Amino acid sequence: MDEAPLSPDQAPDQAHDQDPDSALLLAGARAKLRPGLTLVATPLGAAGDVTLRTLAALREADLLLAEDTRRLRKLMEIHGIPVAGRPVWRCDSHKEAEAAAGLLPRLAEGARAVFASDAGTPGISDPGARLAAAVLAGGGAVSALPGPSAAILGFTLAGLTAERFFFAGFPPSKSGDRRRLLESLAAVPGALIFYEAPHRLPESLAEMAAVLGPRPAAVARELTKLHEEIRRAPLNELAAHYAEAGPPKGEIVVVVDAPPPDSGPAVTEADLDSAIRAALEAGESVKDAAAALAEALGLPRKQVYSRALELKKTRG
Ligand code: SAM
């Protein structure tokens, strides 16, 4: 295996003598790929964003698995790593269990397998997690190497100061389901990170603005690519911009700041449901109950009304 570059005046033994932290760093840089399955992160756009350890893993693996084998081959070609007769298995989200079943006997013999998803980090809205879980369940070893992820890069670039974040993945495509998800996230005490398809961005932002209010937010588009763009503004302004400009092209991360600290105690779905049930049992109409509760709990009247209707229907 090629070693990670050392600074010219720094021999490993010297580093070990001088500074235990340097020794650890060097040991990590020189570590061999372990037997078992290793999940590796690959670039979102720029091929140079792959790490030295991931390249070494791709060079050393006995068996390669990829969500998109052509893409992995291309990345390896760019970095001068021949596949050289090694098996390359396709493992998309429908094939994780099957791939694990095929992999386990080889891992038991000491094979070193590497899995890369299409782009970014496996298991983050991508295959990898079920593959790893099935390998672990079958007694195999799993390791992972760090690298790019659009969620983290979007958060880093968003210009927000939230100390915590919640990764929400892709919101549902149906408006009602999306709204319910957003309502369930409104009180999360941290920033929210979403992936979104470009054609859904305008309607999604409009719904985020309606449910989450005018929080500071950012739309990060085509990160690390030629047309990288980041638009930072309150949610309502972002919604207005894309309503007028129309859906953008490319890949998108939306980051929304944490709720303001003075936004008061959160009303959970369970709180809302029990307040609605109590009002309906007391004989109030759906309309009156929704108006009164929306006012009392500081929630949008439409949200309370549609939930009250649903509960009324299930009560019969
Ligand atoms: N596993 C990947 C990761 O770690 O970022 C995410 C895979 S998910 C199938 C693809 C989504 O990630 C895209 O639809 C987009 O929301 C986001 N994404 C991926 N690459 C991106 C980029 N270069 N710029 C902005 N968003 C990106």
Side-chain angles (χ1 to χ4, degrees), residues 37-51 53-54 57-58 65-72 74-75 78 90-96 99 114-133 142-160 165-173 178 181-182 185 191-205 207-208 217-233 235 238-239 241-242 245 247-256:
L37 168 68
T38 299
L39 308 173
V40 300
T42 51
L44 302 169
D49 286 341
V50 68
T51 70
R53 290 184 71 203
T54 291
L58 292 172
L65 294 94
E67 180 184 9
D68 180 338
T69 56
R70 277 202 332 195
R71 207 172 155 123
L72 181 64
K74 184 78 201 160
L75 180 70
I78 290 171
R90 174 147 187 237
C91 176
D92 60 24
S93 58
H94 306 291
K95 292 204 174 144
E96 290 178 86
V114 164
F115 170 77
S117 59
D118 196 1
T121 299
I124 311 285
S125 297
D126 251 352
R130 277 179 293 190
L131 173 67
V142 174
S143 316
L145 298 181
S149 181
I152 302 301
L153 193 53
F155 181 69
T156 306
L157 258 175
L160 305 175
F165 64 75
F166 182 94
F167 174 63
F170 287 97
S173 54
R178 186 168 53 216
L181 173 80
L182 292 172
L185 297 177
L192 303 173
I193 305 177
F194 299 94
Y195 287 161
E196 190 49 293
H199 64 279
R200 288 203 198 101
L201 184 68
E203 55 182 292
S204 231
L205 285 171
E207 217 146 15
M208 287 179 196
V219 171
R221 192 171 74 82
E222 292 290 88
L223 291 169
T224 75
K225 302 189 201 175
L226 187 61
H227 298 291
E228 174 172 309
E229 177 191 56
I230 178 120
R231 193 170 284 276
R232 304 177 184 93
L235 266 178
L238 288 172
H241 170 79
Y242 287 104
K249 290 205 170 81
E251 299 197 277
I252 284 153
V253 182
V254 179
V255 187
V256 180

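FYI, side chains are in, hydrogens and waters are out, and symmetry mates aren't considered; it's all heavy atoms of this structure. Every value quoted in this text rests on a predicted model; they were computed, and no experiment measured them. Counting starts at 1 for both ligands and their atoms, following the listed order. When a residue number appears, it is its place in the shown sequence, counting from 1.
Relative orientation of the F167 and Y195 rings is perpendicular, given thresholds of 30° and 60° on the angle between their planes.
When all heavy atoms are compared, the tightest approach of G154 to V253 is CA-CG1, 4.4 Å. Of all the heavy atoms in P171 and L181, the pair that sits closest is CA-CD2, 4.1 Å.
A donor-acceptor pair under 3.5 Å links the side-chain atoms of E67 to the main chain of D118, judged by distance alone. Under the 3.5 Å distance criterion, the side-chain polar atoms of E96 are matched with a main-chain donor or acceptor of R130. Using modelled atom types, one side-chain atom of T224 and one backbone atom of G45 make a donor-acceptor pair closer than 3.5 Å.
Sorted by chain then number, the residues whose non-hydrogen atoms approach ligand 1 to under 4.0 Å are L44, A119, G120, T121, I124, S125, D126, S149, A150, F170, Y195, E196, A220, E222, L223, K225, E251, I252, V253.
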